[in-house]
Structures are given as structure tokens and as C-alpha cells.
Amino acid sequence: MSIKKVGSAEFKGWVQSLIKKHTVYGVQAKEDRFAFDVLDAPEDLRLDYDVTILPPKKYIQPQKEVLLTFDENGVFESVMNEESFLILGVHPYDMVAISQMDKVFTKDNRDEHYMAYRERATIIVSDVQTASKDVFAGCMGTSTGEECSGHDVLLTLLADGSSLLEAKTEKGEALLDLIPNAAEPHEGDLEARSAIWESNRKELRKHELHVAPSDLPELLERSYDHPVWNEKSELCYACGSCNLVCPTCYCFNVQDDFNWDLKSGTRSRCWDSCMVSSFAKVAGDHDFRPLAAARYRHRYYRKGKYVPDMIGEIACVGCGRCITSCTAKIANPAEVYNCLLEKV
Ligand code: SF4
Ligand code: SF4
């Protein structure tokens, strides 16, 4: 696969050609924060962003997605995404999260609705230029383009204002073909990129995790009755914000909506939150996790044990969004896991 070096004007021209050929979702400023949205012009792209409000998974597992339509005779028809699109500027930790979702949604039962989005997505990862205030990806091994996979192009801005573009797939190679006269990078450019990776591993540590991520399942194994679950959850509002901003949370609720004729309708799924009190309630009004402490513990077990037991990876990529979004200031995975380490 090829690597190209482009100047800032050339890069802008490349983004313009991407916009002409694809539906491009790129990071843009929204007042004093950042969000992925449809990109209309290269000037609107903000690759110097710190973190986006919602992760780019929203384009692959939409917040609300119609799965099928049905009618009064029980005839149903699946609704599948058929649109191709390109996501530009995904940070490495968010790419690790998407790769984890790929594993979860294809393990045992392949989720065709998820794959209809995933297979039509082209993803350009951008190395982080500005560390957000709560990121700890450096502790989780998810802070650089060297540590993620599943994307089509890796983009790294160098100190001289030029960018390195590395194709990772055939789709990515085709995107780089749109800049035929781009220069090959020198050895020094690749060394500069390695230095950026080294720096990001150190800088993206606004919170320190005092346990190796690979040891988390074992630590949690012996922490089920730890007092921290009660202590922290006493302050929890059960608002679900920590779930909704998380790039590795993928739980959804399924609901049927009838049309005005009361004979036909749609079945859809939408993001759900295990921190909300109704999440584990089933028919007969039985609630598997009626206590806030049980819901709070479940979230950290899911990230550090249940999903790792399933796919072999820790399901927290250290983006820090839950820390920033929690008004009660209790959703800090690094702090919670450190607490288990100290008191066990
Ligand atoms: S648990 Fe928090 S820090 Fe970890 S990936 Fe989810 S939102 Fe990011
Ligand atoms: S964001 Fe904070 S208050 Fe809201 S559910 Fe999560 S832990 Fe509880």
C-alpha cells in the first residue's frame, strides 16, 4: 500500500474531490465543541479538534434505525442501508471502538443491518492533533494510527504543515489515486510521524490508569462486592449520558410503531442505556438490576470483563467522553479501576 505526502493546498484539493465523489462526514466546529456532520466544503473541516460530542459510530450504528416494515397480514420487508459514505477524521481510539463493534456484530450471529452500514463506510483515520481534557487513550493502547485497524486511510499532519496519507486498503488506495502527482515521503517524514505517535502515547493521558488494561478482567473478577459500586452510584442520576457518548456501547432497544392506518408499521431499534432504570426490566415487571449500584457495576464489568471475555479486547478506548459528560462526576473508568486496585 502506498504513502503520499501532500502540502496543505493539495490536501484541500483532495478533500474537495472527495466531497464531489462521496457523501462525506467530517468534523466541524459546533460553537465551542466539535461534531461529525455532512461536510460541504474543505474549509469547514477541523482536523485540529480535541474530541467530538458523539463518536463516529453514529453513522454505522445510527441512533434510530428502521429494521423492517410490516403489514396486517404479517408480511414484512427488511430495510437495509444502501448508501455508501465516507467518514473523514476519525481519531484512532474511535477506530479501535469501531473495530470492536465489527467483532461484536459478527460474532456467532452476523448482524446484517450493522454490516450494511459498515461495508458501505470508507474511513479515514486522523492522528490526534489536540488532546482533549479527559482523554486517557495513551493508557489504553489506542492513541495512535499505529494502534488501530479496519480503516482505509491513515492521515498524519506533520509539523511543516504537510500531511502523510497512508492507504490501508484497496478502497484507500483508490482515494489516494485522486492525487496522482503527490510526492513520496522521505525517511525523515516517516520518522517525524513516529515521533508524533510517541508524543501522543504520552500526551493522551489526562487520567492515569494504574493497572495494565490486560489485567482488568482479573481485577474485576475479585471486585464484585467492592464498596466503590455503592459509593459512586449514590450520586448517579441514571441519565444515561455516559452510555450515549461512548464509542464502545452498542446496546439497543427494539420497538414497533404503527402507522395511522393502525394496520401497518415499522420495527426500529434505537440506542439504549444500561444506566437507565428500565433497561433490565422484562415482562412481568421483573427487573434484573433494580439497584443503581448494580447498574453502575454492570457498566464497568461490561467494559473491563464481559466484552473482553467475548472478543479479547477491553471495551474502553479511553476517549474520556463519559468523564466529560457526567454531571455527577462519577463516570471516570480510570478512577474507578484504580480504586479497585487500591482497596482490594
Ligand atoms: S467508557 Fe468512557 S472513556 Fe471508555 S470508551 Fe466509553 S466513553 Fe470513552
Ligand atoms: S452520566 Fe453519570 S449520572 Fe448519568 S448515568 Fe452515567 S454515571 Fe450516572
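All ligand and atom numbering here is 1-based and tracks the order in the structure. On a predicted model such as this, the values are computed, not experimentally measured, just so you know.
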Distance-only side-chain donor-acceptor flag, [X] / [Y], under 3.5 Å:
X	Y	answer
Q255	N253	no
T324	D134	yes
Y296	N230	no
N259	S264	yes

For [atom], find the nearest protein heavy atom and state the residue, atom name and distance (0.1 Å precision).
atom	result
atom 5 (S) of ligand 1	V317 N, 3.3 Å
atom 6 (Fe) of ligand 2	C242 SG, 2.3 Å
atom 4 (Fe) of ligand 1	C316 SG, 2.4 Å
atom 1 (S) of ligand 1	R299 NH2, 3.4 Å
atom 8 (Fe) of ligand 2	C236 SG, 2.4 Å
atom 3 (S) of ligand 1	G320 N, 3.3 Å
atom 2 (Fe) of ligand 1	C322 SG, 2.2 Å

Tell me which part of Q100 gets within contact of ligand 1: side chain, backbone, both or neither, using heavy atoms under 4.0 Å.
->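 Neither; no heavy atom under 4.0 Å.
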
Atoms in ligand 1 with a heavy atom of F136 nearer than 4.0 Å = 3 (S)

Per-atom contacts of ligand 2 with M275, taking only distances under 4.0 Å to non-hydrogen atoms =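 In order of numbering, the contacting atoms are 5 (S), 7 (S).
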
Enumerated ligand 2 atoms positioned under 4.0 Å from heavy atoms of Y237 =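 It comes down to these atoms of ligand 2: 3 (S), 8 (Fe).
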
N, O or S of C319 under 2.8 Å from atom 4 (Fe) of ligand 1 = no

Is it true that the NZ or CZ of K57 lies under 6.0 Å from the centre of W271's six-membered ring and within 45 degrees of the ring axis?
->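 That pair qualifies as a cation-pi contact.
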
Please work out whether the ring planes of F252 and F105 are parallel, tilted or perpendicular, with thresholds of 30° and 60°.
-> parallel

Angle class for the Y93/H91 ring planes (parallel below 30°, perpendicular above 60°, tilted otherwise)?
-> perpendicular

Is it true that K12 and E43 have a side-chain N and a carboxylate O under 4.0 angstrom from each other?
-> yes

Decide whether the shortest distance between a heavy atom of M140 and an atom of ligand 1 is less than 4.0 Å.
->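 The answer is no: ligand 1 sits nowhere under 4.0 Å from a heavy atom of M140.
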
Would you say S325 touches ligand 2, if touching means a heavy atom closer than 4.0 Å?
-> no

Heavy-atom distance under 4.5 Å between the side chains of I123 and M95, does that happen here?
->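 They are in contact (side-chain heavy atoms under 4.5 Å apart), so the answer is yes.
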
N/O donor-acceptor pair under 3.5 Å between Y250 side chain and V104 backbone |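 Pair absent, no side-chain N/O of Y250 close to backbone of V104.
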
Using a 4.0 Å heavy-atom threshold (strictly under), name the region of I330 that reaches ligand 2: side chain, backbone, both or neither.
->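 Just the side chain.
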
